[in-house]
A.B. asks: 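I'd like to ask you about the structure that follows.
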Amino acid sequence: MDKNAPIGIFDSGIGGLTVAKAVTQLLPHENIIYFGDTAHLPYGDKSQAMIQSYSLKICNLLMEHKCKVIVIACNSASAAAYELLKEYVGSRAHIINVVDPAVKYVKEHFPDSVIGLIGTKATVRSGIYKSKIGQQRVGIELKSLATPLLAPMIEEGFFNEGVSEQIIEGYLKNEELNGIEALILGCTHYPLIKKQIDKYYNGKVKTIDSSTVVAAELKHYLERKDILNEGSGGGRKFYVSDYTKSFEESTKIFFGEEVKIEKYPLWT
Ligand code: DGL
């Protein structure tokens with residue numbers, strides 16, 4: 001495997017940028033190719049088959065770019081398509097999802113606790129967190145709540161303001177989340193509203209943002225395989241399936257620089 005080969009990262013939209021950002025901070029020499037499937041978001045309301053077919057197309061593009069690792073920076077796609085993508089890609093690239101590193105983190109830091117999970121309908125419906133935490137027998141009780149309005153709201157740029165605060169509160173006061181000690185942000189869009197979630201809980205509940213643990217997992221893998229880019233890399237390329245102003249603006253804010261975004265419709 002070529003050390004200079006890029007890392008492919010994808011999501012339905014801007015959510016995966018939270019992971020891409022954590023990756024560039026931890027691994028500044030890696031070249032990144034990001035794909036935001038803006039034509040098809042939100043993924044959270046789609047069927048498993050639909051999410052799988054989008055994810056396969058994106059993987060094809062990332063493999064054309066000879067990515068050494070593909071990070072599924074989306075919980076909904078991790079839940080719906082990880083096993084399929086792993087099989088499809090085979091030895092051509094390594095696939096990392098966002099659920100396993102988060103589960104590992106929760107298991108290490110919150111054994112015997114009551115943990116909340118918020119995510120899209122697709123993620124919560126899949127039961128992926130419950131089954132993966134369950135497999136590890138650590139006495140964790142998981143309470144899950146689908147919060148389908150949050151990702152589209154964030155994608156439209158509504159965060160850090162009154163409207164979003166009300167919607168967030170409306171979800172978090174749901175009795176399903178009563179008594180939790182920590183909350184998994186089970187959607188990669190949610191770190192963008194972490195501040196508001198923390199404000200709601202006022203320090204009583206720890207919020208778990210998996211972007212840094214996913215980046216750490218990636219670093220660990222690259223080191224183990226001796227394919228860490230130590231050279232002058234650091235390139236970034238962004239693709240979207242449909243151009244949106246909010247994607248461009250968010251990307252600029254995330255990386256603090258002008259970014260070039262290329263449109264790549266998935267169906268051509
Ligand atoms: N950011 C994604 C996730 O982690 C998808 C949100 C959506 O498109 O519904 O689930």
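Please read these numbers as outputs of a predicted model, since none were measured by experiment. Remember, it's 1-based here, ligands and their atoms both numbered in the order they're listed. The chain is numbered in sequence order, starting from 1.
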A.B. asks: Should you measure from each heavy atom of T188, which atoms of ligand 1 turn up under 4.0 Å away?
C.D. replies: 1 (N), 2 (C), 3 (C), 4 (O)
A.B. asks: Hey, is ligand 1 close enough to D45 that some N/O pair sits below 3.5 Å?
C.D. replies: no
A.B. asks: Got a second to check how far Y190's OH is from I197's CD1, nearest 0.5 Å?
C.D. replies: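 That separation rounds to 8.5 Å.
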A.B. asks: Around E161, counting heavy atoms of other residues, nucleotides and ligands shown, do more than 12 lie under 6.0 Å from its CD?
C.D. replies: yes
A.B. asks: What are the two closest heavy atoms between C59 and V89, and how far apart are they?
C.D. replies: SG-CG2, 4.1 Å
A.B. asks: Starting from atom 9 (O) of ligand 1, locate the nearest protein heavy atom and write down its residue, its atom name and how far away it is, to 0.1 Å.
C.D. replies: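 Closest protein heavy atom to atom 9 (O) of ligand 1: G44 N, 2.8 Å.
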A.B. asks: Can you list the atoms of ligand 1 that are under 4.0 Å from a heavy atom of T120?
C.D. replies: 6 (C), 9 (O), 10 (O)
A.B. asks: Applying a 4.0 Å heavy-atom criterion (strictly less than), which segment of D11 is in contact with ligand 1: side chain, backbone, both, or neither?
C.D. replies: side chain
A.B. asks: Apply the test salt bridge (charged side-chain N to carboxylate O under 4.0 Å, His left out) to residues K252 and E249: give CA-CA distance (whole Å), side-chain angles for both, the deciding distance (0.1 Å), then the verdict.
C.D. replies: CA-CA 5 Å; K252 260 191 233 161; E249 276 163 11; over 6 Å; no
A.B. asks: Is P42 touching ligand 1 with its side chain, its backbone, both, or neither, if touching means heavy atoms under 4.0 Å apart?
C.D. replies: both
A.B. asks: Could you tell me, atom by atom, which parts of ligand 1 come under 4.0 Å of a heavy atom of S12?
C.D. replies: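 Counting atoms of ligand 1 from 1, those under 4.0 Å from S12 are 5 (C), 6 (C), 7 (C), 8 (O).
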A.B. asks: For atom 6 (C) of ligand 1, which candidate among S78, C74, A151 holds the nearest heavy atom?
C.D. replies: A151
A.B. asks: Could you give me the CA-CA distance, side-chain angles and deciding distance for D100 and K132, then say whether salt bridge (charged side-chain N to carboxylate O under 4.0 Å, His left out) is met?
C.D. replies: CA-CA 8 Å; D100 287 323; K132 287 195 186 254; 2.9 Å; yes
A.B. asks: Tell me: protein heavy atom nearest atom 7 (C) of ligand 1, and distance?
C.D. replies: Y43 N, 3.3 Å
A.B. asks: For N75, which part has a heavy atom under 4.0 Å from ligand 1: side chain, backbone, both, or neither?
C.D. replies: both
A.B. asks: Measuring only between side-chain heavy atoms, which start at C-beta, is E30 closer than 4.5 Å to T24?
C.D. replies: no
A.B. asks: Does any N or O in the side chain of T38 come within less than 3.5 Å of the main-chain N or O of Y243, such that one atom is a donor and the other an acceptor?
C.D. replies: no
A.B. asks: Starting from atom 10 (O) of ligand 1, locate the nearest protein heavy atom and write down its residue, its atom name and how far away it is, to 0.1 Å.
C.D. replies: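 Going by distance alone, atom 10 (O) of ligand 1 is nearest to S76 OG, 2.7 Å.
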A.B. asks: Determine which pairs satisfy salt bridge (Lys or Arg N to Asp or Glu O under 4.0 Å) with at least one residue from residues 213-225, sequence neighbours left out, and list them in order.
C.D. replies: K219-E223
A.B. asks: Does an N or O anywhere in T123 fall below 3.5 Å from an N or O of ligand 1?
C.D. replies: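 In fact, backbone or side chain, T123 has no N or O that close.
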